[in-house]
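So the structure is just underneath, and the comments pick up after that.
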Amino acid sequence: MPELPEVETSRRGIAPWIENQAVTKVVVRDRRLRWPVSEEVDRNLEGQTIDSIRRRAKYLLFETGTGTMMMHLGMSGSVRIIEVGEPPMKHDHVDIHLASGKALRFRDPRRFGSLIWAENPREHALIRDLGPEPLSDDFNGDYLRERASGRKVSIKQFIMNAHIVVGVGNIYASESLHMAGIHPNRPAGRISEARYERLAGCIRKVLAAAIEAGGTTLRDFTGSDGQPGYFAHHLNVYGHAGAPCPGCGAPIRQRVIGQRASYFCPACQR
DNA sequence: ACTGGCACCTGGGCGC
DNA sequence: TGCGCCCAGGTGCCAG
């Protein structure tokens with residue numbers, strides 16, 4: 001489920017329920033996530049108040065006075081607010097009980113997600129060297145062109161590299177490149193400044209629109225469950241192999257780039 | 001420094 | 001119904 005827009009939507013959805021709430025108890029049913037959940041996480045979180053929840057890249061940062069819990073949703077993770085006592089389903093690995101009587105429930109069938117405690121997350125090895133946020137001013141055509149200089153990787157793999165720019169997942173990489181008219185297989189080092197300027201704008205636009213769509217569709221996900229595929233509606237190429245390109249009508253093609261399915265229009269993307 | 005490939009794990013959908 | 005196969009929204013790590 002989680003691309004940057006869903007992580008951001010999750011953050012906005014749960015923030016009102018957990019900000020300024022004391023953590024009364026942490027229940028970890030299964031510590032086997034991408035990395036084993038350290039007992040440091042429950043030990044440090046219990047008794048603390050969650051001052052705020054922020055996002056950096058696809059990490060949700062639960063900030064307390066003594067440190068931060070970093071949460072990554074991996075490929076299949078999700079969070080929701082429940083009433084304490086609601087029986088856990090399979091894959092509901094962690095509950096964080098709040099003074100209000102509600103709890104934050106973390107679910108992750110594939111267990112690629114992670115929960116990590118960090119005193120200073122900005123300096124944590126997993127976050128320290130990440131690229132800029134795509135919706136920040138640090139992210140622009142100049143920056144992309146500079147980082148791409150001399151590089152032979154495909155532009156699709158390049159923009160999906162979190163050390164270049166964070167938050168561009170497999171879906172939005174295809175969508176952004178289509179909007180920008182750039183072929184996903186083009187070497188990153190062989191794209192003009194002007195086209196990078198355009199690409200940066202398209203990434204920004206696609207992600208911002210998706211956040212907005214997520215915001216409306218997932219508004220009630222604290223009650224029930226989030227609905228996967230809610231933004232399928234807005235996709236122009238991803239998953240649409242064979243369908244006509246919304247721009248020019250040529251059939252959308254699918255090809256594997258960097259071991260990931262990629263979708264593009266062979267006519268309008270160069 | 002870069003690059004490509006593999007690994008982690010579970011479930012859903014498909015064809016037989 | 002069951003089984004085997006392929007696919008899935010991420011990303012750290014390894015060898016070359």
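Each chain gets a letter, A, B and so on, in the order its sequence line appears, and its residues count up from 1.
- I211(A) has its CD1 atom 19 Å from the P atom of dG9(C), to the nearest Å.
- If you measure from atom CD of Q157(A) to atom P of dG5(B), you get 9 Å, rounded to the nearest angstrom.
- At whole-Å resolution of the value, CG in D108(A) and P in dG11(B) are 11 Å apart.
- The shortest distance between the side-chain N/O atoms of Y238(A) and the OP1/OP2 oxygens of dG9(C) is below 4.0 Å.
- At a threshold of 4.0 angstrom between heavy atoms, the contacts of L73(A) with the nucleic acid are absent.
- When distances are taken from the side chain of R110(A) to each of dT11(C), dG9(C), dC9(B), the shortest belongs to dC9(B).
- Not one N or O on the side chain of E146(A) forms a donor-acceptor pair closer than 3.5 Å with the backbone of D142(A).
- Here E40(A) does not pair with R43(A) in a salt bridge; the nearest charged N to carboxylate O distance is not below 4.0 Å.
- Remark: dG9(C) base-pairs with no nucleotide in the shown strands. Criterion, Watson-Crick or G-U wobble with two distances under 3.5 Å.
- With I257(A) as the fixed residue, the side chain to side chain contact (heavy atoms under 4.5 Å, CB included) test singles out one of Q259(A), R260(A), R255(A): R255(A).
- The distance from atom CG of D129(A) to atom C1' of dC13(C) is 15 Å, rounded to the nearest whole Å.
- Counting any heavy atom pair closer than 4.0 Å across all strands shown, Y59(A) reaches sugar-phosphate atoms only and no base atom.
- Ranking dG10(C), dG12(C), dT10(B) by closeness to the M75(A) side chain, first place goes to dG10(C).
- Between K90(A) and dT10(B), a side-chain N or O to OP1/OP2 separation shorter than 4.0 Å is absent.
- Nearest nucleotide to the side chain of A261(A), out of dA8(C), dT3(B), dG10(C): dA8(C).
- The backbone N or O of L60(A) lies less than 3.5 Å from no partner atom in the side chain of R11(A), so there is not a single donor-acceptor pair.
- Counting only heavy atoms from C-beta on, F112(A) has its side chain closest to dC8(B) among dG9(C), dG4(B), dC8(B).
- The interatomic distance linking H91(A) (NE2) with dG11(B) (P) rounds to 4 Å, in whole Å.
- The base of dC9(B) does not come close enough to the side chain of R111(A) for any donor and acceptor atom to sit less than 3.5 Å apart.
- When each of dT3(B), dT11(C), dG9(C) is scored by its nearest atom to the side-chain atoms of H72(A), the top-ranked nucleotide is dT11(C).
- Going from atom CG of L33(A) over to atom C1' of dC8(B) covers 12 Å, rounded to whole Å.
- At dG9(C), one or more side-chain N or O atoms of R260(A) fall inside 4.0 Å of OP1 or OP2 (strictly under the cut-off).
- Remark: K152(A) is not in phosphate contact with dT3(B), judged by side-chain N or O atoms under 4.0 Å from OP1 or OP2.
- Rounded to an integer number of Å, the gap from F158(A) CZ to dT3(B) P is 9 Å.
- Pairing partner, dC9(B): none, since no Watson-Crick or wobble contact has both distances short of 3.5 Å.
- In terms of position along DNA chain B, the nucleotide closest to G150(A) lies nearer the 5' end than the nucleotide closest to the other residue of the pair Q259(A) and G150(A).
- No N or O donor and acceptor, one from the side chain of E3(A) and one from the base of dG10(C), sit under 3.5 Å apart.
- Taking atom P on both nucleotides, dC7(C) is separated from dG5(B) by 16 Å, rounded to a whole Å.
- Note on K58(A) versus E3(A): no salt bridge recorded, every NZ/NE/NH1/NH2 to OD/OE distance being 4.0 Å or above.
- For R151(A) against dT3(B), a side-chain-to-base donor-acceptor contact under 3.5 Å is absent.
- The minimum heavy-atom distance linking A57(A) with L130(A) is given by the pair CB-CD1, 3.7 Å.
- Distance, Y172(A) OH to dA8(C) C1': 15 Å, rounded to whole Å.
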